2 protein chains.
Amino acid sequence: MTTKTRSQAAPEGYDPSKFPAFAVTVDVVILTMSESRLHVLLVRRGVPPFQGMWAIPGGFKRPTETLDEAAKRELAEETGVDSASLLAQFGAYGDPGRDPRMNVVTVAYLAVLREVAGIVAGTDAAAATLVPVSAALNGAIELAFDHARIVRDAVERVRIDLELTGIATAFVGPTFTMAELRAVYEAVWGVHLDGANFRRRVGGEDGWVIPTGRRARPGSTGGKPAELFRAGRLWKQGGPIRYPQTTDKGKGKR
Amino acid sequence: MTTKTRSQAAPEGYDPSKFPAFAVTVDVVILTMSESRLHVLLVRRGVPPFQGMWAIPGGFKRPTETLDEAAKRELAEETGVDSASLLAQFGAYGDPGRDPRMNVVTVAYLAVLREVAGIVAGTDAAAATLVPVSAALNGAIELAFDHARIVRDAVERVRIDLELTGIATAFVGPTFTMAELRAVYEAVWGVHLDGANFRRRVGGEDGWVIPTGRRARPGSTGGKPAELFRAGRLWKQGGPIRYPQTTDKGKGKR
DNA sequence: CCTGGTTTTGGTCGTCACGACTGTTACCTT
DNA sequence: AAGGTAACAGTCGTGACGACCAAAACCAGG
């Protein structure tokens, strides 16, 4: 933190020694892939304010824990998952009046999970659900507090990080096919990527993915069984796939 | 925020109704270019704890203002600048014990200023100074609290945003030369960029920069006077310059 | 067993962005 | 006026990347 620095100067109508008290909470935007679409986990509020409305899970930060630990704890309490594939802070929200009861500043985290099965089951089924982010973003589902904006910021963050981090691998399981990984990019960015070009970039020659000898069983529709990969070491330094430039003459980037 | 969602469930040794009180502060990392190097503004603490040490400016958030407003206010109080070229939130820090006096969660902002002259003069000259970020990062200057980490995160954020936002234009004045703009990239990234190629990318044909008829007066060392430009509209959608790929065989990105 | 459909996987090719390099212009200082 | 310096312009070769095509592997149904 830091107090006012010019301590000698007269505090202009404000006394630092009597600082205002805030409640600090941690909210977690839990994203996962389901049916080839990006989904967010929402819980139904059981108490006022906004009782009965959907919201993202969260809770008070405790004085003895770090923000990261608080986020991890909240994630575990809501989903039963003790360690997400990815859990990263992405913003703080403190507008006055965002909580009608008191002054609340919340720190928002983004969690990415694989294995949809069991997530909702881990909580009270009636109080937690997985909805497509499109429904949460276009207002089809009304969210409590300023959670609509928080979810929007989280998704925007994912879209950016997809290009420059290994966040894509957090959406898939420990082993995955090229098509599964490509589906993550296509769902988050809303674009179509050529399968052959995608394969060449990712499995080209470097350590993006490591082939396991095994193969996935083909879906009921037939087709050649896909090779199974594990994530390589290079993802820590940025992803291999770039957001496709519309290739139209204007070189406007994105 | 959001309270615990499973309100029926017994609160496991924790009562949400009596939430812990925190102090919430806003700290601002003020960056600017000076002598072709990236500098950060630091203030000397006049009160304990960490009295006499350097720190980044900041102060308590007031319940009636938003976080952005608090950051803007703190910036104005410290520098006299009423509107920075850029002011963006980039992180929250709430480790227990980061302030020995009490529970403090701080929200960190990044401010980018041009026109170094008058910034330090606007404050108490003895209490504020501009130091190269390298000195603050390598430990040559010891910072109070966890401000060393905050500054490091801020610089890392600038390095990333340089590639995908128009943050570079925030470092230069309303009119600038190609060399000035290029110096921003070279200083922040620590690389050398070819002047001719840089010019082609930025002034190529699009609306990155708009030529003003005028020319800058050459430095005392002679040389052709550089053309003066204004920032164009395209910077809002990402910058034209990419971090140079070392072009060595390994395609490791960054 | 054979055929059509589906999906993965490998191959080719043209375009163009980009970096390295060289050359020219315009202004300074002495 | 001469030399130096920095801005500005042109060229060229490499290589990344997208579009497209083709083969391989497997399933379902007849």
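What you are looking at is a predicted structure, and each value in this text was computed from that prediction instead of being measured. Every chain is numbered from 1 and lettered A, B, ... according to where its sequence line falls, protein lines coming before strand lines.
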Inset, instruction - Taking side chain to side chain donor-acceptor pair (under 3.5 Å) as the test, write out the residues that go with B/R199, two or more places apart. - result: none

Inset, instruction - Indicate whether OP1 or OP2 belonging to D/dC17 is found under 4.0 Å from a side-chain N or O atom of A/R201. - result: yes

Before accepting this row, confirm whether a basic side-chain N of the pair [X]/[Y] lies closer than 4.0 Å to the acidic partner's carboxylate O.
| X | Y | result |
| --- | --- | --- |
| B/D153 | B/R157 | no |
| B/R73 | B/E77 | yes |
| A/E156 | A/R159 | yes |

Inset, instruction - Would you mind listing every salt bridge (charged side-chain N to carboxylate O under 4.0 Å, His left out) that reaches into residues 176-185 of chain A, with sequence neighbours excluded? - result: A/R182-A/E186

Legend entry - Ring center gap for A/F198 and A/Y185 short of 6.0 angstrom: yes

How many Å lie between [atom1] on [X] and [atom2] on [N], as a whole number?
| X | N | atom1 | atom2 | answer |
| --- | --- | --- | --- | --- |
| A/H192 | D/dC20 | NE2 | P | 10 Å |
| A/I241 | D/dG18 | CD1 | C1' | 12 Å |
| A/Y243 | D/dA16 | OH | P | 24 Å |

Could you go over nucleotides 7-10 of chain D and give all protein N or O partners under 3.5 Å, atom names and distances?
| from | atom 1 | to | atom 2 | distance (Å) |
| --- | --- | --- | --- | --- |
| D/dA7 | O4' | B/K224 | O | 3.4 |
| D/dC8 | OP1 | B/E227 | N | 2.8 |
| D/dC8 | OP2 | B/R199 | NH2 | 2.2 |
| D/dC8 | O5' | B/R199 | NH2 | 3.0 |
| D/dG10 | O6 | B/R200 | NH2 | 3.2 |

